[in-house]
Amino acid sequence: MYAAHPLPTAALHQRINDWYAWHGRDLPWRARDAGPWGVYLSEVMAQQTPLSRVEPVWREWLQRWPTPAALAAAAPGDAVRAWGRLGYPRRALRLHEAATIMVERHGGAVPDTSEELLALPGVGAYTAAAVACFAFGLPEVVVDTNVRRVLARLIEGSAQSSRATPSRAESEFAARAMPRERHTATVWNVAVMELGALVCVARGPRCGQCPVADLCAWNLAGRPAYDGPARRGQTWKGTDRQVRGELLRRLRDRHHALTLRELRDAGPQDVQVLRCLDSLVADGLVEPLTGGRFQLPS
DNA sequence: GAAGCGTGGGC
DNA sequence: TGCCCAAGCTT
């Protein structure tokens, strides 16, 4: 994949970066005063979560816990509760763990290299690169779902939007596709993401507004439909996922420990509710108390 | 590499 | 209405 395709030229870099200068959103974590901690929080919250839902929670967290030390001093259950309905609540727990590590090993600061960032819980290749780039101005290779889709269409001419982890070929191509100059490269990272988020969207791309539509291999090929293997949709109704969500919702909404009797209606079958409760305890999202009661971790 | 992990909006 | 999708990570 990508091997036979030409790299973006400096002119193409310029067009996308210029488009971003005009059309990029003023997201709060893009403000100069957001700081590395603000950027870090935003990147974790945005994992698999629409930004419109992230923004209010991000403001709340930053006001309540303006530094890693402030979050580390809180109970993990407070983080889980303040996470609200963002989804994947293990992220809240990992943010709390990461804040603790920042205090213990990094002087209370967000580490400023992708290697150290990658070592934090809940931080993978994307988040490490994004924080290094957006918080510290390092020209890391940022590859998220938007970047993958834009490059696949623009360069390769394919409609593929696989949900798997980026392949080695994709990451290597993304690296070669970046501008060489450092500042241009850091803008490019956010600009391509933004293009994917606003124009080159998964369904119903707005090619009429795209600054590089005339160069886009996919557009020039007539925007062929995806023809790869079918992607497996996530099942939801009746899954452990749903029941875990219902259990946590109950524990978030009530500010005291709950009994099994109060939790059993989280799912249709007691055996499933118990299994999910066990898995939540194993994940550290729920704390069992004596007397068969449960609460968010203290 | 695949599967599991939340939640809700849009088409 | 149901399905797809959203700044992924971990096991």
Side-chain angles (χ1 to χ4, degrees), chain A residues 20 24-25 27-30 34 38-58 80 83-95 97-98 117-135 140-150 159-168 170-171 174 189-198 200-205 225-226 229-252 266-267 275-276 279-280 282-285:
Chain A
Y20 177 73
R25 293 166 292 181
L27 298 171
W29 44 86
R30 288 181 183 162
V39 173
Y40 186 91
L41 284 180
S42 77
E43 290 302 337
V44 173
M45 289 180 174
Q47 291 167 2
Q48 298 286 284
T49 308
L51 299 191
S52 56
R53 254 187 289 163
V54 165
E55 195 166 327
V57 181
W58 181 84
V80 173
W83 194 251
R85 295 172 303 177
L86 281 185
Y88 296 137
R90 291 192 285 206
R91 291 183 291 165
L93 220 47
R94 289 177 182 142
L95 274 174
E97 292 171 34
L117 287 161
L118 196 52
L120 297 171
V123 176
Y126 162 76
T127 304
V131 173
C133 181
F134 304 146
E140 302 286 336
V141 186
V142 178
V143 186
D144 78 326
T145 185
N146 290 304
V147 173
R148 297 175 69 194
R149 186 175 55 251
V150 170
Q160 66 117 29
S161 61
S162 156
R163 243 189 248 187
T165 306
S167 68
R168 187 175 199 83
E170 279 181 284
S171 299
N189 277 331
V190 68
V192 175
M193 281 179 64
E194 191 78 334
L195 188 64
L198 298 182
C200 193
V201 293
R203 280 183 297 181
Y226 176 74
R231 281 153 280 166
R232 36 181 309 110
Q234 300 179 11
T235 54
W236 176 245
K237 259 178 63 173
T239 60
D240 283 7
R241 262 173 145 168
Q242 183 183 25
V243 174
R244 282 168 57 104
E246 286 300 322
L247 283 167
L248 268 191
R249 177 201 300 272
R250 283 160 177 70
L251 290 164
R252 277 198 315 264
R275 180 174 70 237
C276 290
S279 73
L280 287 169
D283 287 345
L285 283 164

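All chains are named by letter (A, B, ...) in the order of the sequence lines, taking the proteins before the strands, and each is independently numbered beginning at 1. Given the structure is predicted, the values throughout are model-derived calculations rather than measurements.
Evaluation of atom-type donor-acceptor distances gives a pair under 3.5 Å for the side chain of Arg203(A) against the base of dC4(C).
At a threshold of 4.0 angstrom between heavy atoms, the contacts of Ser52(A) with the nucleic acid are absent. Residue contacts shown for Leu27(A) include a base, since a base heavy atom lies under 4.0 Å away. Backbone-only contact: Val123(A) has heavy atoms under 4.0 Å from sugar-phosphate atoms and none from a base. Residue Arg168(A) is classed as having no contact, given no heavy-atom separation below 4.0 Å to the nucleic acid. At a threshold of 4.0 angstrom between heavy atoms, the contacts of Leu51(A) include nucleobase atoms, whether or not backbone atoms are also involved.
In this structure, Arg85(A) places its CZ atom 21 Å from P of dC5(B), rounding to the nearest Å. Rounded to a whole Å, the CG atom of Leu118(A) is 9 Å from the P atom of dC9(C). Between the NZ atom of Lys237(A) and the P atom of dG2(C) there is a distance of 8 Å, rounded to whole Å. With rounding to whole Å, Glu194(A) atom CD is found 14 Å from dA6(C) atom P. Note: CG (Leu95(A)) to C1' (dG6(B)) measures 15 Å, nearest angstrom. Going from atom OH of Tyr20(A) over to atom C1' of dA7(C) covers 12 Å, rounded to whole Å. Summarising the geometry, the separation between OH on Tyr40(A) and C1' on dC9(C) is reported as 11 Å, rounded to the nearest angstrom. The interatomic distance linking Gln242(A) (CD) with dG4(B) (C1') rounds to 15 Å, in whole Å.
Judged purely by atom type and a 3.5 angstrom limit, Arg149(A) uses its side chain to pair as donor or acceptor with the backbone of Gly196(A). Between the side chain of Glu170(A) and the main chain of Val143(A), no donor-acceptor pair closer than 3.5 Å is present. Using modelled atom types, no side-chain atom of Arg53(A) and backbone atom of Gly87(A) make a donor-acceptor pair closer than 3.5 Å. Using a distance-only test at 3.5 Å, with no hydrogens or angles considered, no donor-acceptor pair links the side chain of Trp58(A) to the main chain of Leu41(A).
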Where do Glu246(A) and Arg249(A) land on the salt bridge (Lys or Arg N to Asp or Glu O under 4.0 Å) test, with the steps shown first? CA-CA 5 Å; Glu246(A) 286 300 322; Arg249(A) 177 201 300 272; 3.7 Å; yes

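Comparing dG6(B), dT10(C), dA6(C) by their closest approach to the side chain of Pro50(A) singles out dA6(C). Each of dC9(C), dG6(B), dA6(C) was ranked by its minimum atom distance to the side chain of Gln47(A); first place goes to dC9(C).
Phosphate proximity of dT7(B) to Arg53(A): absent, as no side-chain N or O sits under 4.0 Å from OP1 or OP2. Applying the 4.0 Å criterion to OP1 and OP2 of dA7(C), one finds that Arg91(A) has every side-chain N and O outside that range. Regarding contacts with the backbone of dG8(C), a side-chain N or O of Gln48(A) is found under 4.0 angstrom from either OP1 or OP2. For dG8(B), the OP1/OP2 oxygens have no side-chain nitrogen or oxygen of Thr49(A) closer than 4.0 Å. The side chain of Arg90(A) places no N or O atom within less than 4.0 Å of a non-bridging phosphate oxygen (OP1 or OP2) of dC9(C).
Residues Val39(A) and Arg30(A) have side chains not in contact (no heavy-atom distance under 4.5 Å, counting atoms from C-beta outward).
Taking the nucleotide of DNA chain B with the nearest heavy atom to each of Thr239(A) and Arg249(A), the more 5' of the two is matched to Thr239(A). Along DNA chain C, the nucleotide closest to Trp29(A) and the one closest to Pro121(A) are compared, and the more 5′ of them pairs with Trp29(A).
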